[in-house]
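Each remark here refers to the structure printed beneath this line.
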Amino acid sequence: MRDHPNKGSPAPESAAPAAAPTRPVRRRFLLGGLLASGALLVGWGVQGPRQRLHTALPLPLGADAVALNGWVALHPDGTVSVVVPRSEMGQGVHTALPMLVAEELDIPLAQVRIAPAPIDKIFGNLALLRDNLPFHPDERGNVKDGAQWLLAKVGRELGIMFTGGSTSVKDAWEPMREAGAVARAMLVKAAAEAWQAPVAQCRTEDGFVTHRDGRRASYASLAVQAARVGAGIDAGDVQLKHPRDFRLIGKPAPRLDTPGKVDGSARFGIDARPAGLLYAAVKMSPVIGGSVASFDAASVKTMPGVTGVVDFSAALAAFSGAGAGVAVVARSWWQAKQAAAALSVAWNEGPHAGLSSAAIYAGFAEALDQEAGYAYHEAGTQDVTGVAHTVRAEYRAPFLAHATMEPVNCTAQVSGGKVRLWASTQVPSIAVDVAAKVAGVAREDVQIEVMLLGGGFGRRLEGDMVAQAVAVAMASKGQPVQLIWTREDDTTHDVYRPAALARFTARLDAGGRILAWDNKSAGGAIGHQYFPRNLGLPGMGPDKTTAEGEYDMQYEIANQRIAHVIVDSAVPLGYWRSVGHSHNAFFKEGFLDEVAHAAGQDPVAYRRALLAAHPRHLAVLDAAVRAAGAAPSGRAHGVALHQSFGSIVAQVAEVSVEEADIRVHRVVCAIDCGIVVNPNIVAQQMESAVVFGLSAALGGEITIANGRVQQSNFGDYPLLRMDRAPQVETIIVASAEPPEGVGEPGVPPIAPAVASAVFQLTGKRLRSLPLRLA
């Protein structure tokens, strides 16, 4: 337990859920790893998670600011600083998260200032760890509750500041509302004492405390007194608003980051301009896993503006050789780029020089032939009777690059045993740890300014660009260095969405009902690379992301087995928007369409029959189909339904095919994401997800030959063009459930929906991504 520096007593622990007998489950060995410390860990586990209201050190705000807790500070001009610990990369967290505080604090959103979050464990992402457990969404009981409870505690202790997994609003839903409610209670207490009136006679509205007799005081005028008299108020002392009383949450609100992006004042990572800035361009091994044999620095040192040449390979040792290479430093980035292109480097190609996509898929097929795989979900038996028809199919998906619009970059300065970072990162706490390790300093000696992200999609969960930038800055005599990759660097040295191969078997009775469903896939495991690469933790055991979207499907099938075989990948793997759902939804929904066709039934009606006990899924499916109406002549509607990151999404894609050209004209997207904070942001994210998903579905593919990535830029790794973007209509299905993910759930259904429509138009079943007719 840690005391708040301005308080005399520790924050209270919350109570643990009651213990109950657990039943044996397949995932028990995973949980067993958490209990390996025995009785001491069990004793720790029954205590509640540590408080998330107060930071270890005072907030680094201006002298005029009065902090009421680790999330909220008041200013004399009436504005309120709200600490936002998640990175803004276009998904709207700089608006949605302040809305949570503003709702409970009773202030207009226009009064909010965004304050950067210091590196502190109260800002760690607890929801991310909870959601990473491989439980089926329908599973209930003490085993699941206890495991999630324990993982939340682990997350609080680790304190990893992580923007990903569509968890930003979900994780902030309680602590940020509590922070606003506590601040409000402190202000009310201050006013009540000043007026010598009971607290019950005071109320709040639009940044003021009012008394029923008409007296009125602004929050700004009460701030200093509130910090003094309200210091003993904690989250357990306040009651959060009931949803029926929300005034902001659930209402459309303009984004707070829009004005800066319109007038150019918004600052992304590539906009950092510390005094004395130098620039660095990189040259990395063209072969996966290759390394530097030698280079001729003298050949470029006389080029205009060049100040140095740095081999940063040693700094990348922790990253399994990913990105090993050389940087050229110069007074402008163009000078650095020109010199890097001219630099002569000899490479050790390493053990993967013969690697190819064909060999990778052959390895997947061999693994499926020889191994049973780890079963993430198993019910009933595959040994069924009454089988009238059997359907089999094989699906596959390629590696994918992230292709963020803002190039990979990081600015670093190393001077006097201190490190400063200016970074577009999704993981500021990990970036600080990486910088400290490379520079050989304590993490307390690293200062980071988290900039806006020009796209993240999981690429900026990595620390490779930070390691490179710090290594180069260490050789730059105290001057800051901005390291920037070209688009070609990025495309050929990404951490890619895993490729995968999946096989399905469905056994049907004479009426077309599914008697048994068997699904086994093969591919690499992101966690086996990410955890060692970025966290220094072992990568081992099952990885939920390999089978998510398959094992956790919503369809009611009595006998099912969903398994995955992990095939170690030489290709660097990373988290990509919607992760395993991105391809497993295509596999699962595509095969279900095949099964419905084999049963002679309409695919939508077939899905409805498998969702009798899932009314929320049915409501979402029906909402999308109803809004889509009938397809115009010459076009077809394809439908897909998928749950990911806690949210349920159904999409209807209106498609035409002319010769071999697949064209998507309209997408109707229905979503149940629990309580909605800002419906405008939900609609924006569905539109973004559809375009992102279509880019992958229609053109995204990274291929390997001779150990080299074959694609290099948008000419051979295309994104959806504006003239090809469909009309997207978003329907939000009302829900009283707590908020779930929004940034990623719109991606998975689009590929299977388009493939279904193509089959209706052409009779051709497309089982490989990207979708191609020729």
Side-chain angles (χ1 to χ4, degrees), residues 89-92 166 397 400-405 455-458 497 549 576-579 581-586 588-590 620-621 623-629 631 635-645 647-657 661-673 676 678-700 717-733 740-758 766 769-771:
M89 48 189 174
Q91 82 280 37
S166 295
L400 291 176
H402 294 83
T404 61
M405 286 294 99
F457 314 130
R497 197 282 306 272
W576 188 90
R577 189 176 185 180
S578 74
V579 202
H581 291 282
S582 65
H583 52 279
N584 290 331
F586 170 68
K588 177 258 297 179
E589 289 293 291
V620 172
L621 177 63
V625 172
R626 183 169 54 250
R635 299 179 183 178
H637 282 173
V639 178
L641 173 69
H642 192 74
Q643 179 173 345
S644 63
F645 306 95
S647 294
I648 306 160
V649 175
Q651 290 177 353
V652 180
E654 185 173 297
V655 178
S656 68
V657 173
D661 181 32
I662 300 170
R663 182 73 181 264
V664 182
H665 302 272
R666 176 184 177 223
V667 176
V668 175
C669 179
I671 180 171
D672 178 345
C673 55
V676 171
N678 188 333
N680 284 357
I681 291 176
V682 174
Q684 291 161 9
Q685 285 303 288
M686 292 306 103
E687 293 162 9
S688 162
V690 166
V691 170
F692 190 89
L694 279 177
S695 292
L698 299 178
Y717 191 82
L719 301 185
L720 197 71
R721 302 280 181 165
M722 289 180 66
D723 65 341
R724 305 283 292 187
Q727 175 188 353
V728 180
E729 302 166 30
T730 300
I731 301 162
I732 299 174
V733 177
E740 296 287 355
V742 170
E744 296 170 272
V747 174
I750 190 63
V754 173
S756 175
V758 170
L766 302 181
L769 292 172
L771 302 172

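Position 1 is the first residue of the sequence; numbering continues from there. Keep in mind it's a predicted model, so treat the numbers as computed, not measured.
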Report the C-alpha distance between Met405 and Leu719 in whole Å, list the side-chain angles of each, state the deciding distance to 0.1 Å, and finish with yes or no for side chain to side chain contact (heavy atoms under 4.5 Å, CB included). CA-CA 11 Å; Met405 286 294 99; Leu719 301 185; 3.4 Å; yes
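- Taking all atoms of both residues into account, the shortest heavy-atom contact from Arg666 to Ala628 is NH1-O, 3.0 Å.
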Would you check, one step at a time, whether the test side chain to side chain contact (heavy atoms under 4.5 Å, CB included) holds for Val664 with Leu694? CA-CA 9 Å; Val664 182; Leu694 279 177; 3.8 Å; yes
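- Residue Val655 comes nearest to His665 through the heavy atom pair C-CD2, 4.2 Å, listed as atom of the first residue, atom of the second, then distance.
- Remark: Ser647 OG to Asp672 CG distance equals 7.0 Å, nearest 0.5 Å.
- Side-chain atoms of Ser582 come within 3.5 Å of backbone N or O of Val579 as a donor-acceptor pair.
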Candidate pair Ile671 and Val620, rule side chain to side chain contact (heavy atoms under 4.5 Å, CB included), full reasoning: CA-CA 6 Å; Ile671 180 171; Val620 172; 5.9 Å; no
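- Closest approach of Ala624 and Val668 over heavy atoms only: O-CG1, 3.6 Å.
- Counting heavy atoms from C-beta on, the side chains of Cys669 and Val649 come closer than 4.5 Å.
- To the nearest 0.5 angstrom, Leu769 atom CG is 9.5 Å from Leu698 atom CG.
- Between Ala397 and His583 the shortest heavy-atom distance is CB-CB, 3.6 Å.
- Donor-acceptor pairing under 3.5 Å is recorded for the side chains of Glu654 and His637.
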Run the side chain to side chain contact (heavy atoms under 4.5 Å, CB included) check on Met686 and Val742 step by step: do they pass? CA-CA 8 Å; Met686 292 306 103; Val742 170; 4.0 Å; yes
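- With values rounded to the nearest 0.5 angstrom, Phe457 atom CZ is found 9.0 Å from Trp576 atom CH2.
- Across all non-hydrogen atoms, the minimal contact from Glu589 to Pro752 is CB-CB, 3.5 Å.
- The structure places CD1 of Ile662 at 9.5 Å from OG of Ser656, a figure rounded to the nearest 0.5 Å.
- Val667 approaches Pro726 most closely through the heavy-atom pair CG2-CG, 4.1 Å.
- Note that CD of Glu687 is 10.0 Å distant from CD of Gln727, once rounded to the nearest 0.5 Å.
- Within the 3.5 Å criterion, the main-chain N or O of Val747 finds no donor-acceptor partner in the side chain of Ser578.
- Using a distance-only test at 3.5 Å, with no hydrogens or angles considered, a donor-acceptor pair links the side chain of Tyr717 to the main chain of Ala401.
- In this pair, Phe645 and His581 present their aromatic rings tilted. The plane angle is within the 30 to 60° band.
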Do Arg577 and Glu744 pass the salt bridge (charged side-chain N to carboxylate O under 4.0 Å, His left out) test, and can you show the C-alpha distance, the side-chain angles, and the key distance before you say yes or no? CA-CA 6 Å; Arg577 189 176 185 180; Glu744 296 170 272; over 6 Å; no
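- Applying the side chain to side chain donor-acceptor pair (under 3.5 Å) test to Gln643 and every residue at least two apart in sequence or in another chain returns His617.
- With rounding to the nearest 0.5 angstrom, the CD atom of Gln685 is 11.0 Å from the CG atom of Asn678.
- Using modelled atom types, one side-chain atom of Gln651 and one backbone atom of Ile750 make a donor-acceptor pair closer than 3.5 Å.
- Looking at Val733, Val639, Val652 one by one, the single match for side chain to side chain contact (heavy atoms under 4.5 Å, CB included) with Leu621 turns out to be Val639.
- Here the side chain of Ser688 pairs no donor or acceptor atom with the backbone of Gln684 at under 3.5 angstrom.
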